[in-house]
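What follows is a set of notes on a single structure, which appears directly below.
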Amino acid sequence: MLSTESAATIRATIPVVAEALDPITARFYDTMLGEHPELLDGMFNRGNQASGEQRRALAGSIAAFAAMLLERPDERPDALLSRIAHKHVSLGVTEDQYVIVHKYLFDAIAHTLEDAATPDVVRAWDEVYWLMAGALIAMEARLYAGHGRTGQEVWRPWRVAERREQTPDTVSLTLEPEDDEPVPAFRPGQYVSVRMRMADGVRQARQYSLTGGEGRRRRITVKRLRAGETPAGEVSTMLYDTVVPGDTVMVSVPAGDVALAEGGHPVVMASAGIGCTPMVAMLDRLVEKGSEREVLVLHADRSPGDHAHRDEVQSLVEALPNATSRFWYETGGDGGRGRMDLNGVRVPEGAEVYMCGPLPFMRDVRAQLLGAGVPARLVHYEVFGPDLWLGTD
């Protein structure tokens with residue numbers, strides 16, 4: 001995939017570039033968004049821009065992609081690329097935006113590396129960029145085509161049909177499309193982006209798992225992030241505080257590469273906090289199919305009162321003949337106390353594991369699973385916002 005000449009240059013310069021990725025991406029975003037502020041209107045999450053998480057995620061993805069090209073030159077790192085492509089599709093990223101990104105990224109590289117940015121170095125990293133961009137453009141085109149859409153057509157107006165409070169900070173919204181077009185199918189575990197216009201007129205989009213769907217209706221569950229939490233919860237707060245039945249919100253096509261796989265093998269679902277949401281849709285689909293698969297549901301939360309969909313999950317588990325659940329709470333409840341501890345928990349052999357929750361939680365649980373003998377290839381995770389775990393083991 002990567003030419004021999006460029007591979008040698010990348011191998012020689014990747015330590016220098018990796019060291020400079022933070023200032024490179026900082027200048028990249030500052031100059032690009034300074035000259036194209038429209039990209040902040042509905043495309044980039046300004047909370048993640050302010051915290052620096054978006055910058056760190058971009059740097060990590062570029063470094064990981066370059067390293068994989070060197071380590072496995074005959075393979076394309078599709079697992080890494082797929083996560084990015086799905087996120088892009090949920091936001092309506094278009095092919096022409098890759099040209100804009102290229103311009104400002106390579107300006108930042110030249111400015112930051114100065115004399116070290118020789119023509120050979122720039123040419124080699126340019127090859128890396130277009131290999132990555134070309135693969136993403138192709139993946140995104142296939143995903144758009146699967147929905148019968150283009151990047152300019154992912155957004156549709158949906159009406160809020162029902163609102164139900166799950167916890168003091170969590171609300172479920174049942175949505176139905178305002179138009180008569182077909183409702184896109186989704187795989188349990190996938191998410192949609194919801195775009196809202198903020199008080200200052202700027203539109204912001206966030207991703208929310210689909211927690212259910214029947215007929216032309218789809219359901220999402222939103223946790224309000226209070227002041228002081230990171231990233232800033234301006235969209236979740238607006239959805240929680242102001243949206244009522246009859247209101248209209250803009251919703252994208254479903255996306256996400258972490259979805260319940262078909263088959264008869266066992267399933268383990270491990271979540272913390274609002275990370276339970278993709279698991280609800282997975283359990284619902286298993287019940288709908290009358291599945292007899294062995295299912296183990298694991299969840300950690302602050303307290304039973306903070307556990308969104310708790311009663312629903314228990315009902316779904318009880319409806320499956322071979323499903324069990326175990327909950328951990330920091331306070332209250334009859335389950336384990338504190339963090340999720342898999343010591344003494346029997347993980348079914350050959351189980352496919354799905355995780356969702358804060359990154360520290362998932363790193364800890366993944367380590368416990370690997371220690372228990374679960375192959376890394378069978379452990380899948382979903383994270384919202386910039387993926388700061390991308391490309392890591």
Side-chain angles (χ1 to χ4, degrees), residues 1-36 39 43-44 48-49 52-89 91-144 151 386-388 390-392:
M1 292 177 64
L2 191 61
S3 68
T4 303
E5 296 80 6
S6 291
T9 302
I10 296 299
R11 194 178 301 278
T13 60
I14 197 168
V16 176
V17 174
E19 183 71 22
L21 274 174
D22 195 60
I24 287 172
T25 53
R27 178 177 173 84
F28 158 69
Y29 279 117
D30 286 346
T31 55
M32 182 179 70
L33 296 177
E35 295 185 22
H36 291 273
L39 294 176
M43 183 63 66
F44 286 100
N48 292 331
Q49 288 292 321
E53 288 191 358
Q54 185 69 55
R55 182 172 71 248
R56 292 193 295 274
L58 174 65
S61 65
I62 294 171
F65 183 78
M68 289 178 183
L69 290 180
L70 296 176
E71 293 167 9
R72 298 187 287 275
D74 297 327
E75 298 178 23
R76 191 176 72 179
D78 281 356
L80 182 153
L81 296 172
S82 177
R83 181 174 297 275
I84 301 171
H86 276 273
K87 177 69 173 293
H88 284 181
V89 166
L91 293 168
V93 169
T94 55
E95 183 174 347
D96 61 296
Q97 289 169 338
Y98 284 93
V99 178
I100 297 173
V101 167
H102 177 269
K103 173 187 174 181
Y104 291 98
L105 181 60
F106 277 81
D107 168 80
I109 289 172
H111 180 272
T112 305
L113 298 185
E114 298 180 324
D115 292 345
T118 65
D120 286 345
V121 170
V122 171
R123 185 162 47 248
W125 283 95
D126 185 74
E127 187 175 337
V128 169
Y129 176 83
W130 284 115
L131 281 172
M132 187 173 184
L136 287 170
I137 289 168
M139 283 185 172
E140 290 157 20
R142 288 194 292 272
L143 291 171
Y144 286 133
D387 188 352
L388 301 180
L390 202 56
T392 64

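FYI, side chains are in, hydrogens and waters are out, and symmetry mates aren't considered; it's all heavy atoms of this structure.
No side-chain heavy atom of Val17 sits less than 4.5 Å from a side-chain heavy atom of Ile109. Side-chain contact between Asp107 and Met32 is absent, with no heavy atoms from C-beta onward closer than 4.5 Å. Residues Lys103 and Val99 have side chains not in contact (no heavy-atom distance under 4.5 Å, counting atoms from C-beta outward). Proximity of Lys87 to Ile84: side-chain heavy atoms (C-beta onward) are nowhere separated by under 4.5 Å. Counting only heavy atoms from C-beta outward, the side chains of Tyr129 and Ile62 never approach each other to under 4.5 Å. Side-chain contact between Met139 and Asp78: present, with at least one pair of heavy atoms (C-beta onward) separated by less than 4.5 Å. In this structure, the side chains of Trp125 and Phe106 come closer than 4.5 Å at one or more pairs of heavy atoms. Using a 4.5 Å cut-off on side-chain heavy atoms (C-beta onward), Ile10 and Leu70 make contact.
The heavy-atom pair separating Ala66 from Val128 by the smallest distance is CB-CG1, 4.4 Å. For His88 against Tyr98, the heavy-atom pair with the smallest separation is ND1-OH, 3.0 Å.
Between Arg27 and Asp30 there is no salt bridge, since none of the side-chain N atoms of the basic residue sits less than 4.0 Å from a carboxylate O of the acidic one.
To the nearest 0.5 Å, atom OG1 of residue Thr9 and atom CD of residue Glu127 are 9.5 Å apart. Separating the CD atom in Glu35 from the CD1 atom in Ile100 is a distance of 11.0 Å, to the nearest 0.5 Å. Note that the CG atom of Leu2 and the CG atom of Asp74 stand 11.5 Å from one another [nearest 0.5 Å]. Note that OG1 of Thr13 is 13.5 Å distant from CD of Glu19, once rounded to the nearest 0.5 Å.
Judged by distance alone, the side chain of Ser61 and the main-chain N or O of Leu58 form a donor-acceptor pair under 3.5 Å. Under a 3.5 Å cut-off, the side chain of Thr25 and the backbone N or O of Asp22 do form a donor-acceptor pair. Panel note: side chain Thr118, backbone Val121; a donor-acceptor pair is recorded below 3.5 Å.
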*When you look at Phe28 and Val101, which way does the side-chain contact (heavy atoms from CB on, under 4.5 Å) test go after all the steps?*
CA-CA 8 Å; Phe28 158 69; Val101 167; 3.7 Å; yes
*Mind running side-chain contact (heavy atoms from CB on, under 4.5 Å) on Tyr29 and Phe44 for me, showing each step along the way?*
CA-CA 10 Å; Tyr29 279 117; Phe44 286 100; 3.6 Å; yes
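For Glu95, the CD atom is loosely surrounded, since the number of other residues' heavy atoms within 6.0 Å does not exceed 12. Within a 6.0 Å radius of NE2 in His102, more than 12 heavy atoms belonging to other residues, nucleotides or ligands are found.
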